[in-house]
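As structure tokens, the structure follows; a few thoughts come after it.
A, B, ... follow the sequence lines: proteins, then strands. Residue 1 opens every chain. Basis for what follows: all heavy atoms, side chains included, without hydrogens, waters or symmetry-related copies. Everything quoted here is computed from the prediction, not taken from an experiment.
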There are 2 protein chains.
Amino acid sequence: MTTPEREVPSEPVVDPTRDRAVYLQIADWLHDRIDNGAFGPGDALPSESKLMRQFGTARTTVRRALGALAHEGLVWSQRGRGVFVRDREPNDAVVRNPYERLRRHHRESGRSSLLVDAQSQGVEVVQELLALVEEPATSLVAHNLGLEEGQTVLARRRRMWFGEQPNQLDESYLPLEIAQGPLRDERPGEGGTHARIEELGHRLTRFTEEFSLRMPTPDEVHMLRLGDGVPVVDLLQVAYAVAADGNRAGREGERPVECFIAVLAGDKHRLEYRIDAE
Amino acid sequence: MTTPEREVPSEPVVDPTRDRAVYLQIADWLHDRIDNGAFGPGDALPSESKLMRQFGTARTTVRRALGALAHEGLVWSQRGRGVFVRDREPNDAVVRNPYERLRRHHRESGRSSLLVDAQSQGVEVVQELLALVEEPATSLVAHNLGLEEGQTVLARRRRMWFGEQPNQLDESYLPLEIAQGPLRDERPGEGGTHARIEELGHRLTRFTEEFSLRMPTPDEVHMLRLGDGVPVVDLLQVAYAVAADGNRAGREGERPVECFIAVLAGDKHRLEYRIDAE
DNA sequence: CAGTGGTCTAGACCACGAT
DNA sequence: TCGTGGTCTAGACCACTGA
């Protein structure tokens, strides 16, 4: 999108005297061929031995070029088959739309927030419970729930599957006063955790979401089956509520009732927000 | 965050017979030492030659281990000095808060949306104009502005600097009927593009934001001075407006007036949203 | 100057896929 | 069986940093 002035010879040649490393020149050449559509999504790149011959370099050099493209998320490789151009327009990406998904009528209609996003796109969602334990709050969780570090909270850890793909690792933390009844069950049930919280006499008022980006840890690569060069989103969501008994309409007495932390697979999500201009 | 059961010997040993590659075992060992705090942010890792001796492997193998950590964004290296643990809690990250920044009172107080985010955090923002030209709309731009592909739009491309760091590449596209007067100037002026749009008789009603993640292209790495293992956010924002002359309060006649595309440096931003529960 | 990381070579053995 | 990519070795030359 920025500086497309780079000269790209269509003949595969490299110049060892340039200040750009040879393996990067090879990577640039392949990169541009992919951008130009000479190699389209799903196509195989030339094999390593072919590239060695074409560029007259050692195999290591060719492999570093291919590695650079892989780390960029442009290609993926399979032993015994070849290196292939990745499809960068993931049709199977889930559109996460918090503005819609966190609204009351969805909870009341029995759909949890994730299901709102996924079902509207015809994706089946399955939760895999990894842990449901009481444990001391980390400083991050304590801070967001207004507790002291080390106070006991109920932690629920899950891996969410969207169809055949694990797409989200999440952790829900509830203060013990909130974590009553069905909130301690293995499955939060229709409408999700938020619906159960409201049934227990809390009226949800608002949510804050904050997120940041990073590359996954090796564990996350494994758990989310991430390809090379796929980043993740660190999502931190805090839900706030007031007591529902009094019939005040305002937000006096508002307090955090859930701290929700998730790691989203970057290639399987698209996030949408709607903001009013006033 | 998921499966911390892995056994980590504190003595640096690798087992070539395991199914996990030696370089990954070395990477795991270093990774855990970093997580445990044995190597803190800014600390130097053992040098390559030291790791070669400790693990009894070739230099290439050690370098691949370090490369894996670098691609994860955990460490960075400097020739002649060493490999250092990166500070993962970027104090200099700008908190982008669209919910606040797109509100009218900020425009009326003469602050553009980016400045709202940055100035509240004491960061100086400088825009570097890369291009200001009329050009045919891409299919993406045309689709979001309700135009036909190829119709002429006014494109403004910039690189934004937050302090000493380039942190955002952006492109603003305006239909020609909107792109009048000061909107064609090099600098949009106080309150930014949105303020100018409203002064021209359009009342902004809402914005949609959508974003997705990916690894940067080599160009973006250069333009944003990105370190290894730093992802970017693709942001697509569309502003909608109605004519301000009639005194209808509703949104009849609402139309898109600006398509804004940005690439944000992933390690220099944190995004925050606030969502009401109703 | 010694030590560091960056690049490149020329080979080896292996696991896997297609045939 | 052959071609593919995945790992590893042992060495070389270079550019840069810091004392």
Between [N] and [X], is there an OP1 or OP2 to side-chain N/O distance shorter than 4.0 Å?
X       : N     : value
B:Arg64 : D:dT7 : yes
A:Tyr23 : C:dC8 : no
A:Ser77 : D:dT4 : no

| Any residue meeting side-chain contact (heavy atoms from CB on, under 4.5 Å) with B:Val75, in chain and number order, not counting sequence neighbours |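 By the side-chain contact (heavy atoms from CB on, under 4.5 Å) rule, B:Val75 matches B:Ile34, B:Leu45, B:Leu69, B:Ala70, B:Val83.
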| Set of ring pair (Phe, Tyr, Trp, His ring centres under 6.0 Å) partners for A:Trp76, sequence neighbours left out |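 Applying ring pair (Phe, Tyr, Trp, His ring centres under 6.0 Å) to A:Trp76 gives A:Phe84.
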Could you state the [atom1]-[atom2] distance from [X] to [N], rounded to the nearest angstrom?
X        : N      : atom1 : atom2 : answer
A:Phe55  : C:dT9  : CZ    : P     : 13 Å
B:Trp76  : C:dG6  : CH2   : C1'   : 15 Å
A:Asp228 : D:dG6  : CG    : C1'   : 13 Å
B:Glu48  : D:dT17 : CD    : P     : 16 Å
B:Phe84  : D:dT17 : CZ    : C1'   : 10 Å
A:Leu69  : D:dG5  : CG    : P     : 13 Å
B:Arg18  : D:dT7  : CZ    : C1'   : 15 Å
B:Leu51  : C:dG5  : CG    : P     : 8 Å

Choose from [options] the nucleotide whose nearest atom is closest to any side-chain atom of [X].
X       : options             : result
A:Ser47 : D:dG5, C:dG6, D:dT9 : D:dG5
A:Ser49 : D:dT7, D:dT4, C:dT7 : D:dT4
B:Ala58 : D:dT9, C:dT7, C:dT9 : D:dT9

| task | Take B:Lys50 and A:Thr61, find for each the nucleotide of DNA chain C with the closest heavy atom, and name the residue whose nucleotide sits nearer the 5' end. | result |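 First, find each residue's nearest nucleotide; the 5'-ward one identifies B:Lys50.
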Tabulate below the donor-acceptor pairs under 3.5 Å that side-chain atoms of residues 136-144 of chain A make, not counting sequence neighbours, or state none.
unit_1   : atom_1 : unit_2   : atom_2 : d
A:Thr138 : OG1    : A:Val141 : N      : 3.2
A:Asn144 : ND2    : A:Leu140 : O      : 2.9

Among residues at least two apart in sequence or on other chains, which ones pass side chain to side chain donor-acceptor pair (under 3.5 Å) with [X]?
X        : value
A:Arg59  : A:Glu48
A:Thr60  : none
A:Thr208 : none

| task | For each nucleotide in nucleotides 11-19 of chain C, reading 5' to 3', give B when a protein heavy atom comes within less than 4.0 Å of its base, S when such contact involves only the sugar-phosphate, and - otherwise. | result | -B--BBSS-
| Between the first and last five pairs of the helix from C:dC1-D:dG18 to C:dA18-D:dT1, the angle of the axes, rounded to 10 degrees |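 Roughly 10° between the end axes, to the nearest 10°.
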| task | Determine the interplanar angle of the A:Phe55 and A:Trp29 rings, folded into 0 to 90°, and report it as parallel if under 30°, tilted if 30 to 60°, perpendicular if over 60°. | result |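 Perpendicular, since the angle between the ring planes exceeds 60°.
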| task | Sequence neighbours left out, what pairs pass salt bridge (Lys or Arg N to Asp or Glu O under 4.0 Å) with at least one residue falling in residues 66-78 of chain A? | result |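 As it turns out, there is no salt bridge (Lys or Arg N to Asp or Glu O under 4.0 Å) pair with a partner in residues 66-78 of chain A once direct neighbours are skipped.
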| query | Hey, mind stepping through B:Phe162 and B:His269 against ring-ring contact (aromatic ring centres under 6.0 Å, His included) and telling me if it holds? | reply | CA-CA 11 Å; B:Phe162 290 15; B:His269 291 274; 5.8 Å; yes
